[in-house]
Amino acid sequence: MTLYDRSARARFATFAVMVFVGASAPPSHAQDLSVTNPCTAPEVAAEIDQFTSNYPIELLYDGLAPLKQAPSVQVKIPAGVAANPFVCLVFGVSFVEADGALAAQNINFQAAFGPGLTAFDRPRHAPAYQQAARELTRDMLAHDVLPVRPRPGQRYAIAIPIWNPHPLYSMPAVRVADGGGGSSSPAPPTLVDRGFANSTLAEQGDGFVVYRLGEMGQQLWFAVVRSVGRTDEILDYTGEYDDQAGQTIYRYGPETERRFREHILPHVSPNFAGGSIQVWHYAEGTRLRTQPELGWEYSNPMPPSGRLGEAENPISIEFWRAQRSLTGGSLEWFGGVGTSFNPIMTRSAWNTIAQIDSAQAVYAGLEDQGQRDRTDRIARDAVEFEARLAQLASQEDEKRRAYARAGLVYRDQAYWDAFVQGPEIRAVFEGSFPDPTRTWEFGQMYERTATAFAARCDSLIPHPSPERRRLRTATEPDGRTSTSVDQVTRIRKAFFAPFEWEDENDPRALVVLPRTGLASMGGQYLGFQRGLREDFAILYQGGCRNPVLRQFEENLRRLAHRLPSLQAEQAPETLPDPRHESDIAGKCATYIDEYGLEVGREWCPCLARVFGERMTIGQVWNELFDYRTFFRRIDTPPTGGPSDPGWRYYEPANECRG
């Protein structure tokens with residue numbers, strides 16, 4: 001769903017799993033992926049050094065040294081880890097010898113390093129890396145590529161990259177197909193220029209090149225780059241065929257079937273258990289626009305990486321499925337597209353480059369018009385935003401004069417900009433905090449303001465005063481528990497009632513913890529606490545009786561006790577603060593109504609929940625101040641790499657897209 005109208009040091013005593021976090025989010029575009037051997041990362045060298053220095057282990061291979069020789073057949077990246085092709089695995093292994101042949105045993109995955117790698121939980125991810133270590137060690141032994149022959153019984157450390165350009169995964173030789181007119185100029189080793197960073201050259205013939213794109217489960221992807229005339233049929237078909245469900249399948253003709261059996265199937269392993277193959281067709285000298293608004297079937301199909309939009313649009317996609325008879329035997333391949341044969345693929349109405357270009361020209365015009373409309377809308381929004389800023393500046397002038405008449409203290413925006421939690425503290429200071437008794441940020445401010453005053457200004461708290469005691473419970477060696485007073489804090493009597501309400505579970509008690517989303521909100525919650533500590537240093541400038549602190553504390557007390565704030569009594573014309581008029585769900589509905597967007601409002605509560613768990617209430621106010629920009633960022637995929645700040649708006653909203 002869219003809004004727009006169309007090692008640190010990993011250590012192990014028993015080979016426990018840890019992972020180095022290289023980045024907070026995976027790269028979202030193929031061009032952003034590193035082309036450097038991931039085993040060159042300094043964390044890998046530090047890990048190996050730590051590993052081999054703490055245990056009686058020798059380094060057998062570091063992932064960087066030259067191999068003894070090229071493998072006799074191509075070694076495949078293990079399927080379980082192929083989805084992240086920029087990882088360096090570090091693992092331990094020992095060997096046994098029988099009849100002169102070595103076999104690996106006790107293979108234990110230790111750690112993985114690489115850009116975009118995020119922390120994983122052992123039950124879900126460790127088995128895949130463990131299996132990858134087994135497969136790669138087996139293949140390195142089978143092809144005798146290790147620089148040094150390992151000694152039986154010795155424990156070794158191995159680092160090996162999951163990185164297609166590594167010599168271990170190189171094709172032994174590229175098969176050159178028979179052609180009538182000789183082969184064309186040498187093809188590049190990968191199809192990275194069309195968005196496939198991890199592809200491999202499989203075959204080159206006269207006028208066409210075959211690439212292996214990837215494998216996922218029981219699916220294989222290939223690409224064919226060939227000469228195609230503008231009016232030539234890209235794929236030929238025999239006609240229509242009705243299957244048992246009554247759905248139409250378009251079967252391929254003799255030329256497409258010949259090309260598949262002569263130039264694709266030879267690159268499928270004889271051990272392939274069966275499944276499906278997609279062949280993506282590209283034309284030499286032809287580039288298609290890649291954008292979701294295109295109106296033809298093969299716009300932004302699913303590439304083997306599992307992400308949309310990374311690969312260039314093919315001019316056509318050929319689909320084959322394998323079946324094996326119940327009695328066994330070789331695989332039988334059936335090709336075609338149709339709603340029942342493959343629900344994802346349908347026969348394209350455009351089977352020549354000329355037809356595709358014509359269709360793209362129509363939709364490109366629509367897209368260009370849509371872009372012009374969006375540009376005009378943004379320009380209008382900018383004018384309205386500037387007008388609102390001018391209006392707020394005028395309101396601030398009126399507020400300053402109203403405060404002076406009422407004898408209240410006024411501080412401008414430049415003063416509040418120095419605060420970490422400036423929006424929340426200013427809202428209390430100006431008596432306009434929305435629904436304070438139900439908001440955890442307000443509860444945190446109240447609790448920490450009372451305790452901060454006790455710590456900084458204890459001499460101003462009269463004796464006797466109520467005390468807040470924090471208890472500590474300890475378990476004795478004999479199993480008995482004991483309770484002791486861990487901390488005593490004196491609280492001013494006027495501020496003590498909410499603490500009593502909390503102890504007695506009174507319905508009037510303030511909320512001091514996020515009621516939902518604490519797991520995802522933990523960073524924001526702790527950051528809010530740290531921010532308050534810094535902000536109190538500013539509030540206490542000028543001592544315990546300075547007028548800014550006194551006005552802030554008095555409004556805090558009044559709002560907590562459900563009493564009118566100072567402004568509500570003496571300068572009501574200054575309330576409410578326009579920044580606090582609505583929440584995310586309300587502004588989302590407003591945004592949809594303003595632009596007449598064809599999207600249901602059920603999206604809005606989801607956005608409110610997702611971003612409410614990631615932002616404090618003050619951050620929400622700041623974002624909603626320019627809510628049109630906020631929702632555009634949510635709905636517009638960023639064009640930059642992982643460091644593009646737009647991802648922190650776009651990616652969380654994926655949970656709400658449908």
### Message
Within the 4.5 Å heavy-atom criterion, are W320 and L265 side-chain neighbours or not?
### Response
no

### Task
Measure the shortest side-chain to side-chain distance between E284 and V225 over non-hydrogen atoms and say whether it is less than 4.5 angstrom.
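The answer is yes; the side chains approach within 4.5 Å.
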
Examine distances only and state if a side-chain atom of [X] and a backbone atom of [Y] form a donor-acceptor pair shorter than 3.5 Å.
| X | Y | value |
| --- | --- | --- |
| Y252 | F319 | yes |
| Y282 | R194 | no |
| R261 | W333 | yes |

Non-hydrogen atoms of [X] and [Y] that approach each other most closely:
| X | Y | answer |
| --- | --- | --- |
| F260 | E318 | CB-OE2, 3.5 Å |
| W163 | I77 | N-CD1, 4.2 Å |
| T190 | D193 | O-OD1, 4.5 Å |
| E203 | E262 | OE1-O, 4.4 Å |
| V210 | V224 | CG2-CG2, 4.2 Å |
| V75 | L168 | CB-O, 3.3 Å |

### Message
Taking the six-membered ring for Trp, are Y211 and F222 closer than 6.0 Å centroid to centroid?
### Response
no

### Query
What about F196 and W280, are their ring centers closer than 6.0 Å?
yes

Within this structure, what is the [atom1]-[atom2] distance for the pair [X] and [Y], rounded to the nearest 0.5 Å?
| X | Y | atom1 | atom2 | value |
| --- | --- | --- | --- | --- |
| Q130 | E135 | CD | CD | 11.5 Å |
| I48 | I57 | CD1 | CD1 | 11.0 Å |
| L102 | R149 | CG | CZ | 4.0 Å |
| D635 | C656 | CG | SG | 11.5 Å |
| N108 | R134 | CG | CZ | 8.5 Å |
| L59 | Y156 | CG | OH | 10.5 Å |

### Message
Once you measure the plane-to-plane angle for H166 and Y61, does it fall in the parallel (<30°), tilted (30-60°) or perpendicular (>60°) bin?
### Response
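Perpendicular.
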
### Query
Does the pair R259 and D236 meet the rule for a salt bridge (charged side-chain N to carboxylate O under 4.0 Å, His left out), with working shown?
CA-CA 11 Å; R259 187 168 50 233; D236 61 322; 5.4 Å; no

